[in-house]
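Okay, so here's the structure we're looking at.
For reference, positions follow the sequence shown, starting with 1.
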Amino acid sequence: MQFKYPELLWGLLLLLIPILIHLFQLRRFKKTPFTNVKFLKLVVSESRKSSSLKKWLLLFARMGLLAALVIAFAQPFIANSTALQEKETVFYLDDSYSMNGQVEGGNLFNNTIQDFIKYIPKDKRFTLFTNKQVFKNVVVSDIQNELLNLTVSSEQLDINEIVLKGNTFFSKNNASQKNLVLISDFQQRMGNPTEIDTLENINIEFIKPINSQIKNTSIDSVFIGDRTNENIELVAQLSTNTKDETIPVSLFNDDKLIAKTAAKFNNGKKAEVSFTINAKDVLLGKVAITDTGLDYDNQFYLNIDEKSKINVLAIGNSSADFLKRIYTDDEFNFSTSSLSQLNYSIIENQDLVILNEIENLPSSLVIAINTLSKNGGSFVLIPATNGDTNSYNTLATSYYNSQYSNTIAQEAVISNVITAHSLFTNVFEKQVTNFQFPKASGHFKINTKAPIAIEFQNKDPFLIGNEGAYFFSAALNNDNSNFKNSPLIVPVFYNMGMNSLKLPPLYTSIGNNTEVEVPMTLQQDDIIKISNENNEFIPQQRVLPKKVQINFMDNPTDAGIYKIMHNKNILRHISFNDNKKESELLYAALPENSNTSLSNFFLESQKNNAINEFWKWFAILALAFVLIETALQRFLK
């Protein structure tokens with residue numbers, strides 16, 4: 001037994017008072033001679049015994065009264081050692097999309113919040129944080145309305161980020177007991193809870209308020225399959241974690257239903273459906289399904305606008321037929337010019353300029369190319385077989401400190417394609433091992449700090465550059481190289497052209513660092529806005545002479561189709577979708593001491609922290625001794 005005020009136990013010395021009183025009240029009886037004392041002796045003997053018993057009982061009653069009062073004021077109790085320790089509790093509540101599933105009894109996320117409000121002690125102070133919000137040092141009544149209004153989002157911290165963030169909310173008091181309570185469905189993508197970076201003096205509890213699999217079907221992606229001048233085939237990929245089933249899939253243009261089909265999950269958990277649309281139509285598309293699992297992945301937004309053609313100019317006397325076959329009229333405005341007939345004024349209007357095997361670059365052309373590059377344009381330098389390296393270097397040195405040096409007049413085989421380079425994004429589905437690589441009869445040695453896209457077998461670069469400046473180390477004419485006959489030439493030059501004017505893609509994901517370019521000239525103080533029916537914001541934008549670069553990183557936060565607008569004029573559209581990783585619903589294994597119920601967790605916490613107080617019982621005992629003394633005084637003669 002422990003005492004809240006143990007210093008009051010010194011009051012037990014007051015027990016000496018009734019003892020002293022009892023001793024002073026002891027008296028000796030005087031003997032008086034009497035003629036016949038036989039009967040009187042019996043009366044005196046009985047009277048003395050009765051009086052002595054009463055006094056001892058009164059002594060014990062008064063001592064019990066004083067002792068009970070002193071102990072009651074000292075407030076005795078029984079508790080675990082941890083119950084007496086100062087406690088700090090921090091809760092993490094997972095508000096990612098996967099917590100918004102439908103389970104037996106309703107919505108998982110809403111049920112979790114209601115259980116938290118219901119079972120947490122009303123006077124308990126705590127800190128609670130989610131993936132995007134923090135409530136510091138509060139009681140539940142302070143934030144009840146805010147909790148009930150919480151909504152899920154695509155943001156998701158991994159398990160180690162959660163632990164590190166939770167640690168920042170604890171004080172530096174080493175004597176306090178620190179408890180970090182994680183409430184989540186603990187998907188595998190968060191990391192392994194059994195392998196987290198544990199922190200000293202912090203007890204981590206895991207609560208998973210779901211013990212069954214959420215049945216869910218999702219739309220994972222949409223892409224363009226076959227494309228002709230008349231039609232475009234849209235292909236939607238779906239996945240499910242349920243048994244084989246058929247689910248209807250709809251395609252909307254704005255709010256109008258234009259096609260409907262069914263996805264059949266006959267083998268495995270994947271399915272594909274396709275829709276055919278008119279290639280000339282503008283599509284503000286939404287692919288939609290009806291599913292009772294997670295609702296955020298039941299729709300997928302995409303758009304196809306009228307394409308702005310990309311301006312490509314090839315300068316040089318060498319044949320540009322291979323470029324004309326790549327830069328077709330449906331996507332590019334391709335033109336050629338010899339150096340002698342070049343109109344320098346048209347360079348500033350190009351998105352991509354290809355310097356096609358010019359033996360000597362005039363300084364005026366170098367200046368024009370540098371100006372184009374500073375204004376957001378792109379260029380490619382293909383050297384001539386007998387090119388003047390000094391003139392090439394007047395251009396190359398400004399980009400990645402590149403330098404053309406001596407000619408290597410021996411055959412070299414191209415052997416390595418850097419698939420991570422931006423020119424090959426989404427080009428290769430897997431690593432190619434049996435590829436027939438092209439070769440070159442001769443090439444220039446290049447010293448550079450630029451990213452290498454393609455290299456020879458001897459590790460010399462064949463193609464370098466990025467972000468609008470590209471340099472080949474060898475001539476591409478048929479006498480020097482068979483690169484024109486290689487399958488590599490199409491993605492290389494096509495992506496150079498597409499990257500020179502970053503048009504909005506079919507769709508993008510929220511949170512990705514997406515950059516698009518709008519071919520227009522803005523006046524001073526003009527801005528471009530992004531909006532839809534519910535949101536409007538001003539994105540990061542860089543104004544160039546002939547176009548505007550727009551960057552999306554922090555905005556938007558909601559999925560949908562947005563308008564790119566200037567002075568109430570719609571320039572084009574861009575579609576954003578939530579990341580679909582939350583739809584995987586693959587759960588990690590939890591430690592053995594984890595809970596599946598908030599009610600059980602708070603009940604166990606209250607038991608472990610319970611303090612059993614006994615002062616009331618001792619107060620009742622003191623009252624009992626008062627009643628005993630009163631009874632002794634009244635009834636015992």
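For S221 and Y507, the side-chain atoms include no donor-acceptor pair closer than 3.5 Å. In this structure, a donor-acceptor pair under 3.5 Å is absent between the side chains of N466 and N499. For the 3.5 Å distance criterion, the side chains of D94 and S184 qualify, holding a donor opposite an acceptor. Side-chain N/O atoms of Y399 and N370 include a donor and acceptor closer than 3.5 Å. Checking T240 against T217 by side-chain atom types alone, a donor-acceptor pair falls below 3.5 Å. For the residue pair T89 / K124, a side-chain donor-acceptor distance below 3.5 Å is found, with atom types taken as modelled. No donor-acceptor contact under 3.5 angstrom links the side chains of N278 and N231, judged on distance only. When only modelled atom types and interatomic distance are considered, T194 and N192 share a side-chain donor-acceptor pair under 3.5 Å. Looking at N513 and N551, their side chains do bring a donor and an acceptor atom within 3.5 Å of each other.
Contact of the L128 side chain with the T130 side chain is registered, since non-hydrogen atoms from C-beta on lie closer than 4.5 Å. The shortest distance between side-chain heavy atoms of F424 and L488 falls below 4.5 Å. Considering only heavy atoms from C-beta on, V516 comes within 4.5 Å of P505 through its side chain. Residues P539 and N555 have side chains not in contact (no heavy-atom distance under 4.5 Å, counting atoms from C-beta outward). No side-chain heavy atom of L463 sits less than 4.5 Å from a side-chain heavy atom of I452. Side-chain contact between F275 and V249 is present, with heavy atoms from C-beta onward closer than 4.5 Å. Side-chain atoms of L157 and K165, non-hydrogen and from C-beta on, do get closer than 4.5 Å to each other. Looking at L284 and H573, their side chains come closer than 4.5 Å, going by heavy atoms from C-beta outward.
When every heavy atom of L313 is checked against every heavy atom of I347, the shortest pair comes out as CD2-CG1, 4.3 Å. Listed here is the closest heavy atom pair of I564 and V518: CG2-CG2, 4.2 Å. I528 and I538 make their closest contact through O-CG2, 4.0 Å (heavy atoms, listed as atom of the first residue, atom of the second, distance). The two residues Y400 and G465 come nearest to each other via the heavy atoms CE1-CA, 4.2 Å. The two residues P193 and A589 come nearest to each other via the heavy atoms CD-O, 3.7 Å. Here the shortest heavy-atom pairing between L522 and Q541 reads CD1-OE1, 4.3 Å.
With F493 as the partner, the ring-ring contact (aromatic ring centres under 6.0 Å, His included) test is satisfied by one option alone out of F334, F322, F332: F322. Partner of F91 under the ring-ring contact (aromatic ring centres under 6.0 Å, His included) criterion, chosen from F129, F135, F126: F126. For the side chain to side chain contact (heavy atoms under 4.5 Å, CB included) criterion with L93, the lone passing option out of N131, L150, I207 is L150. Among S154, S153, S583, the one residue that satisfies the side-chain hydrogen bond (donor to acceptor under 3.5 Å, both in side chains) test with Y296 is S583.
Cation-pi geometry between K286 and F252 is satisfied (NZ or CZ under 6.0 Å from the ring centre, within 45° of the ring normal).
Atom NZ of K215 is surrounded by 12 or fewer heavy atoms from other residues, nucleotides or ligands within 6.0 Å. Heavy atoms from other residues, nucleotides or ligands lying under 6.0 Å from CG of D329 number 12 at most.
A donor-acceptor pair is defined here as one N or O able to donate and one able to accept, closer than 3.5 Å; no such pair exists between the side chain of D142 and the backbone of V138. Judged by distance alone, the side chain of N253 and the main-chain N or O of G285 form no donor-acceptor pair under 3.5 Å. Put simply, the side chain of D158 gets close to the backbone of E161: a donor and an acceptor are under 3.5 Å apart. A donor-acceptor contact shorter than 3.5 Å is absent between the side chain of S218 and the backbone of D220. In this structure, N567 contributes its side chain and N569 its backbone to no donor-acceptor pair below 3.5 Å. A donor-acceptor pair is defined here as one N or O able to donate and one able to accept, closer than 3.5 Å; such a pair exists between the side chain of N298 and the backbone of D291. With E233 contributing its side chain and D226 its backbone, the two residues share a donor-acceptor pair below 3.5 Å. Side-chain atoms of N495 come within 3.5 Å of backbone atoms of P491 as a donor-acceptor pair (strictly under, hydrogens ignored). Of the possible polar contacts, none joining the R542 side chain to the Q549 backbone as a donor-acceptor pair under 3.5 Å is found. Without hydrogens or angle criteria, K529 side chain to H566 main chain gives no donor-acceptor distance under 3.5 Å.
Using a 4.0 Å cut-off between a side-chain N of Lys or Arg and a carboxylate O of Asp or Glu, E515 and K502 qualify as a salt bridge. Using a cut-off of 4.0 Å between Lys/Arg side-chain N and Asp/Glu carboxylate O, K208 and D185 are scored as not salt-bridged.
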Identify every side-chain donor-acceptor pair in residues 115-122 under 3.5 Å, counting partners at least two apart or on other chains, and give the distances.
{"residue": "K122", "atom": "NZ", "partner": "I117", "partner atom": "O", "Å": "2.8"}

Solution key, residues 575-582 side-chain donor-acceptor pairs under 3.5 Å, sequence neighbours excluded:
{"residue": "S575", "atom": "OG", "partner": "N303", "partner atom": "N", "Å": "3.3"}
{"residue": "S575", "atom": "OG", "partner": "N303", "partner atom": "OD1", "Å": "2.6"}
{"residue": "N577", "atom": "OD1", "partner": "Y301", "partner atom": "N", "Å": "2.7"}
{"residue": "N577", "atom": "ND2", "partner": "Y301", "partner atom": "O", "Å": "2.7"}
{"residue": "D578", "atom": "OD1", "partner": "Y97", "partner atom": "OH", "Å": "3.3"}
{"residue": "D578", "atom": "OD2", "partner": "Y97", "partner atom": "OH", "Å": "3.1"}
{"residue": "N579", "atom": "OD1", "partner": "K581", "partner atom": "N", "Å": "2.9"}
{"residue": "E582", "atom": "OE1", "partner": "S96", "partner atom": "OG", "Å": "3.1"}
{"residue": "E582", "atom": "OE1", "partner": "S98", "partner atom": "N", "Å": "3.0"}
{"residue": "E582", "atom": "OE1", "partner": "S98", "partner atom": "OG", "Å": "2.9"}
{"residue": "E582", "atom": "OE2", "partner": "R189", "partner atom": "NH1", "Å": "2.3"}

Discussion item. Pair L585, Y587 - check side chain to side chain contact (heavy atoms under 4.5 Å, CB included), show working.
Written reply: CA-CA 6 Å; L585 298 180; Y587 304 113; 3.7 Å; yes
Fill in: Criterion side chain to side chain contact (heavy atoms under 4.5 Å, CB included) on N333 and I310, from CA distance to verdict
CA-CA 6 Å; N333 290 321; I310 298 172; over 6 Å; no
Discussion item. Y92 vs V90, test: side chain to side chain contact (heavy atoms under 4.5 Å, CB included). Steps then yes/no.
Written reply: CA-CA 7 Å; Y92 164 72; V90 176; over 6 Å; no
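Here CG of L372 is found 9.5 Å from OG of S500. Values are rounded to the nearest 0.5 Å. Here NZ of K546 is found 15.0 Å from CD of E517. Values are rounded to the nearest 0.5 Å. Interatomic distance, T261 OG1 to L251 CG, rounded to the nearest 0.5 Å: 10.5 Å. For the atom pair CD of E205 and CG of L180, the computed distance is 9.5 Å after rounding to the nearest 0.5 Å. Taking CG of N216 as the start and CD of E584 as the end, the distance is 11.5 Å to the nearest 0.5 Å. Atom CG of L182 sits about 5.0 Å away from atom CD1 of I159, to the nearest 0.5 Å.
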